[in-house]
Amino acid sequence: MPSQAHTKAAEHHESAAKSHRAAAEFHGKNDHMKGSEHAMEAQKHSKVASGATEAAHSKSSSQK
């Protein structure tokens with residue numbers, strides 16, 4: 001179902017956002033080592049989210 005694919009993509013985007021917020025928080029506290037770790041994790045989540053978004057879009061387009 002396309003709606004499930006969109007929900008999964010949104011979950012991945014939320015994971016990326018959470019990691020981005022954590023990275024910003026650690027960088028703000030001058031803990032750049034932890035900030036960088038969270039930034040790398042955010043990047044991984046962002047790539048997965050992008051792929052999930054593309055897949056959801058493809059499923060939605062094929063339903064039309």
Side-chain angles (χ1 to χ4, degrees):
M1 288 208 161
S3 64
Q4 289 175 340
H6 286 285
T7 299
K8 193 66 175 169
E11 289 170 359
H12 288 296
H13 282 287
E14 285 295 326
S15 293
K18 182 178 178 181
S19 293
H20 279 291
R21 286 189 295 270
E25 183 178 333
F26 281 107
H27 281 294
K29 293 178 181 177
N30 289 322
D31 188 348
H32 299 295
M33 187 73 102
K34 282 281 191 189
S36 293
E37 289 175 17
H38 284 283
M40 287 191 300
E41 189 68 22
Q43 186 176 23
K44 290 176 190 176
H45 284 299
S46 292
K47 287 181 181 180
V48 172
S50 178
T53 298
E54 289 291 325
H57 181 70
S58 293
K59 287 180 182 180
S60 291
S61 295
S62 66
Q63 295 286 321
K64 293 180 181 179

Legend entry - Closest non-hydrogen atom pair, Ala5 against Lys59: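 In this case the closest contact between Ala5 and Lys59 is CB-CD, 3.9 Å.
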
Would you mind writing out the side-chain donor-acceptor pairs for residues 9-22 within the sub-3.5 Å range, not counting sequence neighbours?
unit_1	atom_1	unit_2	atom_2	d
His13	NE2	Thr53	OG1	2.8
Ser15	OG	Glu11	O	3.3
Ser19	OG	Ser15	O	3.3

Pairs of donor and acceptor atoms involving the side chains of residues 41-49, under 3.5 Å and at least two apart or interchain, shall be tabulated with distances.
unit_1	atom_1	unit_2	atom_2	d
Glu41	OE2	His45	NE2	3.3
Ser46	OG	Ala42	O	2.9

Distance-only donor-acceptor pairs under 3.5 Å for side chains of residues 27-37, two or more places apart:
unit_1	atom_1	unit_2	atom_2	d
His27	ND1	His32	ND1	2.9
Lys29	NZ	Glu25	OE2	3.1
Asp31	OD1	Lys34	N	3.3
Ser36	OG	His32	O	2.9

